[in-house]
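Computed from a predicted structure; not experimentally measured. Here is how names work: the chains are called A, B, and so on, in the same order as the sequence lines, proteins then strands, and each is numbered from 1.
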There are 2 protein chains.
Amino acid sequence: MKTGRPRGFCVENALDRAMDVFWRKGYQGASLSDLTEAMGINAPSLYACFDNKEGLFRAVLDRYEAAGKGFLQEVLDAPTSRASAEIFLKGVAARATDPDNHPPGCLLLQSGLAGEDQRIPNELARHRAEKELALRERFACARREGDLPQSADPAALARYLVTVANGMCVQASAGAQAEELQMVAGLALAAWPTSETAKRGKKEKHKADADG
Amino acid sequence: MKTGRPRGFCVENALDRAMDVFWRKGYQGASLSDLTEAMGINAPSLYACFDNKEGLFRAVLDRYEAAGKGFLQEVLDAPTSRASAEIFLKGVAARATDPDNHPPGCLLLQSGLAGEDQRIPNELARHRAEKELALRERFACARREGDLPQSADPAALARYLVTVANGMCVQASAGAQAEELQMVAGLALAAWPTSETAKRGKKEKHKADADG
DNA sequence: GTACATATGTAGCAAGCGGTACAAAAAATG
DNA sequence: CATTTTTTGTACCGCTTGCTACATATGTAC
């Protein structure tokens, strides 16, 4: 058994409180006093557990990513690339405007696009890029399987989706409503390329209409 | 003639230097020392001219908006809504990745989505919303004139465009290349609704093909 | 019990923050 | 010339920042 005085607070609860502060105020805007007050602990406890402010932030980031892992998997597991795109965009729209749970927007953007040094912005960009990569591989696979036309560019499609998603998060942080973002998601999906088989289907239907 | 010792620096040059600092470091991340050093002046000169840090930032914002006014007008003056959308998205892609002139991304996002108090984020959101409004009115006009189908929603289309634009700026700040964003713009434009006349034109062409 | 290991609260550190007091400097006005 | 008005550089203010020294509290191991 581990010896020593036991920790007097729940790490996960504390991380959730800290996440809320970083989310609302950004990395730089969140002061140690803000954080310790929200977490209900004193500075030495924070430093003993997370080393420093950046360590705390990275722990928050890990927890954030863990919480979003299920959603990403749901997106990747969708039967078609089109379904993946739809679940992704509509899910982001819903999650970015979820009234309880979290502030509007996305922690990966709110906490800092820019900073006195670039380390945190870079870290956040890395996390975002990971998801873009996952989508790209999903779509590359879809193209190999004929679910996407050969003319489709998996990298471009993935980039397009995360671009729209990031934009929706910006809109959400500025007060956009869930329904408004759902409409954006719907519009964005209209750009999705039609698969070869679907194209053929359409052509045949047209031909049938003309013949009939 | 105005009496007193003349100002020893060019206000517009100083604002450009300050803009660069705010752009790269964000509002909070830009310290007074950073700003005065970049502007080549001492603190008292800054305070005499711009009141305080927030005053300087608002002056920078005004200058930023003035510089972008021509581009916005070009977008609104385009002959069709579709052309407006294309000029807008491709222009944003180009401007967000312009290597000289400015850091990558967009000042209205880089300088702060979140902050210790919400005043700057709100101000930035207001500026972004202004452009969305201008686009909405452009598209509402286009619908009245038959350039957009009656089924099209001008507000949704405007929101969609600024969402994609904001997303592209996020991508640019994370290092995305100009060509990559141009592809995103191209994809996003594929979602643009077809006008009634264009639809009719297509149908007639199909009919002609079938007839021929 | 005693010894040890870890966590906690108080109190405070050096450094940097946004902002300013003050006197010298540089122009127009008479 | 002296006067007035504004800007400039130096030097500094009070405050907050991220962070820590230190003594005490609270657990396990023996």
Exercise. Answer yes or no: side-chain N or O of A:R5 and base N or O of C:dA5 forming a donor-acceptor pair under 3.5 Å.
Key: no
Quiz item: Which whole-number value in Å describes the distance from A:E37 CD to C:dG9 P?
Solution: 14 Å
Self-check item: A:L32 CG - C:dC17 P separation (whole Å)
Solution: 16 Å
Quiz prompt | Nearest-angstrom distance from the residue atom CZ of A:R7 to C1' of C:dA5 | solution = 14 Å
Quiz item: Given atom CG of A:N42 and atom C1' of C:dG12, what is their separation to the nearest angstrom?
Solution: 14 Å
Practice problem: Choose from C:dA7, C:dA27, C:dA21 the nucleotide whose nearest atom is closest to any side-chain atom of B:P44. | Solution: C:dA21
Quiz item: Whole-Å distance between C:dA7 P and A:M39 CE?
Solution: 14 Å
Exercise. Could you tell me how the ring of B:W23 sits relative to the ring of B:H102: parallel (under 30°), tilted (30 to 60°) or perpendicular (over 60°)?
Key: parallel
Quiz prompt | Nearest-nucleotide comparison on DNA chain D, the residue closer to the 5′ end among B:E116 and B:P6 | solution = B:P6
Quiz prompt | Closest to the A:S31 side chain, choosing from D:dT10, D:dT26, D:dT17 | solution = D:dT17
Quiz prompt | Residue pair A:N42 / A:T36, side-chain donor-acceptor N/O under 3.5 Å | solution = no
Practice problem: Give the nucleotide from the list D:dT10, D:dT20, C:dG19 with an atom nearest to the side chain of A:Y47. | Solution: D:dT20
Exercise. Return the value, rounded to whole Å, for the distance between atom CZ of A:F50 and atom C1' of D:dG18.
Key: 16 Å
Quiz prompt | A:S33 side-chain N/O to D:dT17 phosphate OP1/OP2 under 4.0 Å | solution = yes
Exercise. Starting from the 5' end of DNA chain C, give me the residue, B:G4 or A:G8, whose nearest nucleotide shows up first.
Key: A:G8
Quiz item: For the side-chain contact (heavy atoms from CB on, under 4.5 Å) test, which of B:L15, B:L108, B:D16 pairs with B:Y64?
Solution: B:L108
Exercise. Among C:dT20, C:dC17, D:dT5, find the nucleotide with the atom closest to the side chain of B:T3.
Key: D:dT5
Quiz item: Please give, in whole Å, the distance from C:dG16 P to B:L35 CG?
Solution: 17 Å
Self-check item: Among C:dG9, D:dA25, D:dG18, the one nearest A:K53 by side-chain distance
Solution: D:dG18
Practice problem: List the steps, then state whether side-chain hydrogen bond (donor to acceptor under 3.5 Å, both in side chains) holds for A:T80 with A:D147. | Solution: CA-CA 7 Å; A:T80 65; A:D147 174 39; 4.9 Å; no
Self-check item: Proximal nucleotide (of D:dT17, D:dT6, C:dT20) relative to the B:A43 side chain
Solution: C:dT20
Self-check item: Exercise: do B:D34 and B:S31 side chains pair donor with acceptor under 3.5 Å
Solution: yes
Practice problem: Could you tell me the separation between the CD atom of A:E54 and the C1' atom of D:dT17, rounded to a whole number of Å? | Solution: 16 Å
